Amino acid sequence: MTRTARGEELAPLEIPITRTLIVSGAIASRDYQDVHHDAELARAKGSPDIFMNILTTNGLVGRYITDHFGPTAVLRKVAIRLGAPNYPGDTMVLRGTVEQVESSPEEATAVVRVVGANGIGNHVTGTVTVAVPQGPERPGTGGPA
C-alpha cells in the first residue's frame, strides 16, 4: 500500500443489479425475507420490486476494497449505511476516496470513504478501514510478501 495516498480516488466499479444477484445474495446470507426474492409479495408490502439486502451490499463493498488493495488486504472495519434501494435492472457504481493512510513496519492501513450510487440515489455510503501487511517484496510479484 506504499503507493496509496490521502485523497486518492479508487477506480469506479459498475455492478449490474440483476434479479439473480439480489436473490442469490439473500440466499447466501440466509436472509429469507420475501422482499428479497418474491416480487409479488414485495409489491404487496409497498416496494415496486424485490431489492438487495444489506449483507449483499456489504459483500460488494468489501470486494471493491480488496480488489483495489490486493489479495493480502484485510478488512478491519466496515461502517456502511443504506439509502436508495437497489432494484433489478439498475446499475450501482461504487466509488472510493482514501481519507487516511497510516503505516508501520508490519502493516499499512487506509480508511476509504465509499459511495455506491444507482439510478435513484446513493444506495450505500460509509467508510472501510483496510490493512495490508508490509514486508519484503516477493520475487516476481512486485508486492508485499
Side-chain angles (χ1 to χ4, degrees), residues 1-104 106-135 138 141-145:
M1 188 186 310
T2 55
R3 290 169 274 188
T4 297
R6 187 171 189 265
E8 175 187 345
E9 293 187 14
L10 282 61
L13 174 64
E14 292 188 12
I15 300 171
I17 307 302
T18 64
R19 289 185 184 284
T20 301
L21 175 61
I22 292 169
V23 173
S24 61
I27 290 169
S29 60
R30 296 182 181 191
D31 183 346
Y32 304 117
Q33 295 290 320
D34 51 24
V35 294
H36 303 307
H37 66 83
D38 188 318
E40 186 176 313
L41 289 174
R43 281 191 285 278
K45 292 182 176 181
S47 178
D49 207 335
I50 62 172
F51 54 90
M52 185 176 286
N53 72 354
I54 191 169
L55 294 171
T56 303
T57 300
N58 193 61
L60 293 170
V61 167
R63 168 193 160 198
Y64 177 58
I65 297 298
T66 57
D67 280 358
H68 178 80
F69 287 97
T72 62
V74 176
L75 302 180
R76 295 283 190 221
K77 180 179 180 184
V78 178
I80 60 173
R81 169 173 272 167
L82 293 184
N86 266 340
Y87 293 118
D90 207 342
T91 299
M92 178 175 63
V93 180
L94 288 168
R95 298 180 188 281
T97 304
V98 177
E99 291 189 331
Q100 181 180 339
V101 178
E102 294 181 8
S103 190
S104 73
E106 295 80 33
E107 68 180 18
T109 60
V111 176
V112 181
R113 163 89 28 212
V114 176
V115 176
N118 59 33
I120 56 177
N122 286 342
H123 170 68
V124 62
T125 56
T127 58
V128 178
T129 303
V130 59
V132 178
Q134 302 275 62
R138 283 187 293 168
T141 66

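Numbers for residues simply follow the sequence, beginning at 1. These numbers were taken from a predicted model, which means no experiment stands behind them.
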Item to check | Pairwise side-chain contact, Leu10 with Val114, heavy-atom cut-off 4.5 Å (strictly under) | outcome: no

On a heavy-atom basis, the closest approach of Phe69 and Ala110 is CZ-CB, 4.2 Å

Nearest heavy-atom approach of Ser29 to Asn53 is OG-ND2, 3.0 Å

Minimal heavy-atom distance between Val101 and Arg6, with the atoms involved, is CG2-N, 4.0 Å

In short, Ile120 meets Pro85 closest at the heavy-atom pair CD1-O, 3.7 Å

Residues passing the ring pair (Phe, Tyr, Trp, His ring centres under 6.0 Å) test with His36, sequence neighbours excluded, are Phe51

Are any side-chain N or O atoms of Tyr64 and backbone N or O atoms of Gly116, one a donor and one an acceptor, separated by less than 3.5 Å? no

Sequence neighbours excluded and cut-off under 3.5 Å, please list the side-chain donor-acceptor pairs for residues 15-22, or say none.
{"residue": "Thr18", "atom": "OG1", "partner": "Leu21", "partner atom": "N", "Å": "3.0"}
{"residue": "Arg19", "atom": "NH1", "partner": "Asp49", "partner atom": "OD1", "Å": "3.0"}
{"residue": "Arg19", "atom": "NH2", "partner": "Asp49", "partner atom": "OD1", "Å": "3.3"}
{"residue": "Arg19", "atom": "NH2", "partner": "Asp49", "partner atom": "OD2", "Å": "2.7"}

- Could you tell me whether a side-chain N or O of His123 sits under 3.5 Å from a main-chain N or O of Ala117, the two making a donor and an acceptor? no

**Request:** Taking the side chain as every heavy atom from C-beta outward, state whether Val124 and Leu94 have any atom pair closer than 4.5 Å.
**Result:** yes

Hits for salt bridge (charged side-chain N to carboxylate O under 4.0 Å, His left out) against Asp31, two or more places apart or cross-chain, chain-then-number order -> none

Interatomic distance, CD@Glu99 vs OG1@Thr97, rounded to 0.5 Å, equals 7.5 Å

For Tyr32 and His37, the nearest pair of non-hydrogen atoms, with its separation, is O-NE2, 3.5 Å

Worksheet item: Would you say Arg43 has more than 12 foreign heavy atoms packed within less than 6.0 Å of its CZ?
Response: yes

Nearest heavy-atom approach of Ala73 to Val130 is CB-CG2, 3.7 Å

Query - Any Leu60 side-chain heavy atom under 4.5 Å of Met92 side chain - result: yes

So CZ of Arg81 and OG1 of Thr125: to nearest 0.5 Å the spacing works out to 7.0 Å

task: Indicate yes or no: at least one non-hydrogen side-chain atom of His68 is less than 4.5 angstrom from one of Val112.
output: no

To the nearest 0.5 Å, atom OG1 of Thr129 lies from atom NZ of Lys77 at 6.0 Å

- [ ] Would you indicate whether the side-chain heavy atoms of Lys45 and Ser47 approach each other to under 4.5 Å?
- [x] no

| query | Under 4.5 Å between any side-chain heavy atoms of Asn118 and Tyr87, yes or no? | reply | no

Check: Strictly by modelled atom types, are Ser103 and Gln134 linked by a side-chain donor-acceptor pair under 3.5 Å?
Finding: yes

In this structure, CD of Glu107 is separated from CD of Glu102 (nearest 0.5 Å) by 10.0 Å

- Do we see a donor-acceptor contact under 3.5 Å between the side chains of Thr57 and Asn86? no

